Amino acid sequence: MSVRTGIVRMLELLSKAYGRQKWWPADTPFEVCVGAILTQNTSWKNVEKAISRMRKEGLLDASAILNAPAHVLEDAIRPAGFYKQKAQRLKHFCTHTYFNGISQMSLQDARAHLLSLKGIGRETADSILLYAFGKPIFVVDAYTKRIYGRVFEGKDSTALSYEEVRTVFEKALGKNTRKLNEMHALLVEHAKLHCKKSFPKCQGCPLLKMCNFGRNQA
DNA sequence: AACCAGGAGAGAG
DNA sequence: CTCTCTCATGGT
């Protein structure tokens, strides 16, 4: 079975096992951007706390973020960690992003624009493109690389680069926003239930039959 | 009580 | 281009 076929199969199996995901967990496109920055190397649980505190402080708004003193913003997002960096990144994002123009830009231009911003790397940019603006692009994260490595290579991760993994998934699923959205969301769900870093729960794993890592385990 | 979490940037080699 | 270090809180 080719990797391309395997990815299509993966989407079917995960979809059947976990059902339709509702993603990104945010009320507005702007909140998606905030969450994408706050969740950098941070568990979503802690991001929820930070966003909740921002909402309470009325900070879920670009102008409010810009008007707030640094220490106020820092204090609100503290539960998400890296609070000094992230406070700067949020302010920088609010200042320099051509937010309302992104939806009209081509995918390539929009991505280049986001990547040019300090604090917005590939995963954050792609999360924003896909989940805030509905652009057909695939988001690669640590979960994706781990699951990909285990399933297709029998290793705990893959040596493929970010762009290589992204391309493989996009070739398999096509430029279909709904599928790309669902695939990433299902991979995150799957990682939490059956593919944690230290404790893979291979029993009952919906990918067991097609997973090379599963054969090595037991 | 170490280890990990839906990364990104800067610097070195 | 590939490592390595830093940033930092909170859950397990």
Side-chain angles (χ1 to χ4, degrees), chain A residues 10-11 14 18 21-26 29 31-54 57 59 70-97 111-133 135 137-151 155-167 169 180-201:
Chain A
M10 237 164 93
L11 178 57
L14 294 177
Y18 306 130
Q21 306 297 302
K22 48 228 176 227
W23 261 53
W24 180 292
E31 281 187 39
V32 175
C33 300
V34 172
I37 290 172
L38 291 181
T39 199
Q40 289 168 0
N41 200 44
T42 302
S43 68
W44 183 254
K45 197 163 197 172
N46 290 332
V47 175
E48 284 182 318
K49 293 180 183 175
I51 290 181
S52 173
R53 293 168 63 134
M54 286 181 73
E57 301 288 329
L59 289 172
H71 70 273
V72 171
L73 182 57
E74 289 172 2
D75 189 63
I77 68 174
R78 189 170 303 254
F82 302 108
Y83 59 89
K84 291 179 192 170
Q85 271 191 7
K86 288 174 180 176
Q88 286 183 190
R89 289 177 181 183
L90 286 175
K91 279 178 174 288
H92 191 269
F93 179 81
C94 293
T95 302
H96 295 98
T97 305
R111 189 171 199 249
H113 169 57
L114 291 172
L115 288 176
S116 74
L117 304 172
K118 285 167 205 156
I120 308 296
R122 288 170 299 204
E123 183 186 339
T124 308
D126 294 340
S127 295
I128 290 171
L129 290 169
L130 177 61
Y131 291 108
F133 293 97
K135 304 271 189 185
I137 197 164
F138 185 69
V139 179
V140 179
D141 60 7
Y143 293 155
T144 309
K145 286 186 176 174
R146 182 161 71 238
I147 295 171
Y148 182 95
R150 287 187 181 181
V151 170
K155 300 181 299 184
D156 212 51
S157 185
T158 178
L160 294 181
S161 70
Y162 183 98
E163 300 298 341
E164 288 172 331
V165 175
R166 183 170 71 81
T167 300
F169 274 85
L180 296 169
N181 178 324
E182 202 63 14
M183 181 81 252
H184 176 71
L186 285 167
L187 285 175
V188 173
E189 183 67 9
H190 179 61
K192 292 177 179 175
L193 293 178
H194 284 286
C195 215
K196 290 191 175 182
K197 183 159 190 177
S198 307
F199 306 104
K201 270 196 294 188

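Source: prediction; values computed, not measured. In what follows, chains are A, B, ... by sequence order, proteins preceding strands, each numbered from 1.
- Here the C1' atom of nucleotide C:dG10 and the CZ atom of A:Arg53 are 12 Å apart, to the nearest Å.
- Atom NZ of A:Lys84 has 12 or fewer heavy atoms from other residues, nucleotides or ligands within 6.0 Å.
- Ring orientation note: the planes of A:Trp24 and A:Trp44 are nearly perpendicular, at an angle over 60° on the 30°/60° scale.
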Derivation and outcome, salt bridge (Lys or Arg N to Asp or Glu O under 4.0 Å), residues A:Arg53 and A:Glu74:
CA-CA 11 Å; A:Arg53 293 168 63 134; A:Glu74 289 172 2; over 6 Å; no
Can A:Glu123 and A:Val140 be said to form a side-chain contact (heavy atoms from CB on, under 4.5 Å), step by step?
CA-CA 6 Å; A:Glu123 183 186 339; A:Val140 179; over 6 Å; no
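- Between A:Asp75 atom CG and C:dG10 atom P the separation is 11 Å, expressed in whole Å.
- At a cut-off of 3.5 Å, with distance as the only test, no side-chain donor of A:Tyr162 or A:Asp141 sits close to an acceptor on the other residue.
- Looking at heavy-atom distances under 4.0 Å, A:Leu115 makes no contact with the nucleic acid at all.
- To the nearest angstrom, C1' of B:dG7 lies 11 Å from CD1 of A:Ile37.
- Per the geometry, CG belonging to A:Asp126 stands 13 Å off C1' belonging to B:dG7, to the nearest Å.
- Comparing the P positions of B:dA1 and C:dC7 gives an interatomic distance of 24 Å, to the nearest angstrom.
- At whole-Å resolution of the value, NE2 in A:His92 and C1' in B:dA8 are 13 Å apart.
- Residue contacts shown for A:Gln85 include a base, since a base heavy atom lies under 4.0 Å away.
- Of the residues in residues 184-193 of chain A, not one comes within less than 4.0 Å of DNA chain C through any heavy atom.
- A:Arg146 and A:Asp156 are not joined by a salt bridge, as no carboxylate oxygen comes within less than 4.0 angstrom of a charged side-chain nitrogen.
- One can place CG of A:Leu38 at 13 Å from P of B:dA8, the figure rounded to the nearest angstrom.
- The backbone N or O of A:Ser161 sits less than 3.5 Å from a side-chain atom of A:Glu164, completing a donor-acceptor pair.
- Aromatic ring orientation, A:Phe169 versus A:Phe138: parallel (interplanar angle below 30°, classes split at 30° and 60°).
- Taking atom OH on A:Tyr162 and atom C1' on B:dA8, their separation rounds to 12 Å, with Å as the unit.
- Of the candidates C:dG11, C:dT9, B:dG7, C:dT9 carries the atom nearest the A:Arg78 side chain, counting heavy atoms from C-beta on.
- In this structure, A:Tyr18 and A:His190 have tilted ring planes: the angle between them lies in the 30° to 60° band.
- Counting only distance, with no hydrogens or angles, the side chain of A:Thr42 and the backbone of A:Ala80 share a donor-acceptor pair below 3.5 Å.
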Report the C-alpha separation of A:Thr124 and A:Phe93 in whole Å, then their side-chain angles, then the decisive distance to 0.1 Å, and conclude whether the side-chain contact (heavy atoms from CB on, under 4.5 Å) test is met.
CA-CA 12 Å; A:Thr124 308; A:Phe93 179 81; over 6 Å; no
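- Where A:Ile120 and A:Trp24 meet DNA chain B, the nucleotide closest to each residue was compared, and A:Trp24 sits on the side nearer the 5' end.
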Hey, what are the protein-to-nucleotides 10-12 of chain B N/O distances that come in under 3.5 Å?
none

Contacts under 3.5 Å, N or O only, protein and nucleotides 1-5 of chain B:
{"residue": "B:dA5", "atom": "OP1", "partner": "A:Arg146", "partner atom": "NH1", "Å": "3.4"}

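- Between the C1' atom of B:dG9 and the NZ atom of A:Lys84 lies a distance of 17 Å, rounded to the nearest Å.
- Annotation: side chain of A:Leu90 is in contact with side chain of A:Leu38 (closest heavy-atom distance under 4.5 Å).
- Where A:Lys45 and A:Lys86 meet DNA chain C, the nucleotide closest to each residue was compared, and A:Lys86 sits on the side nearer the 5' end.
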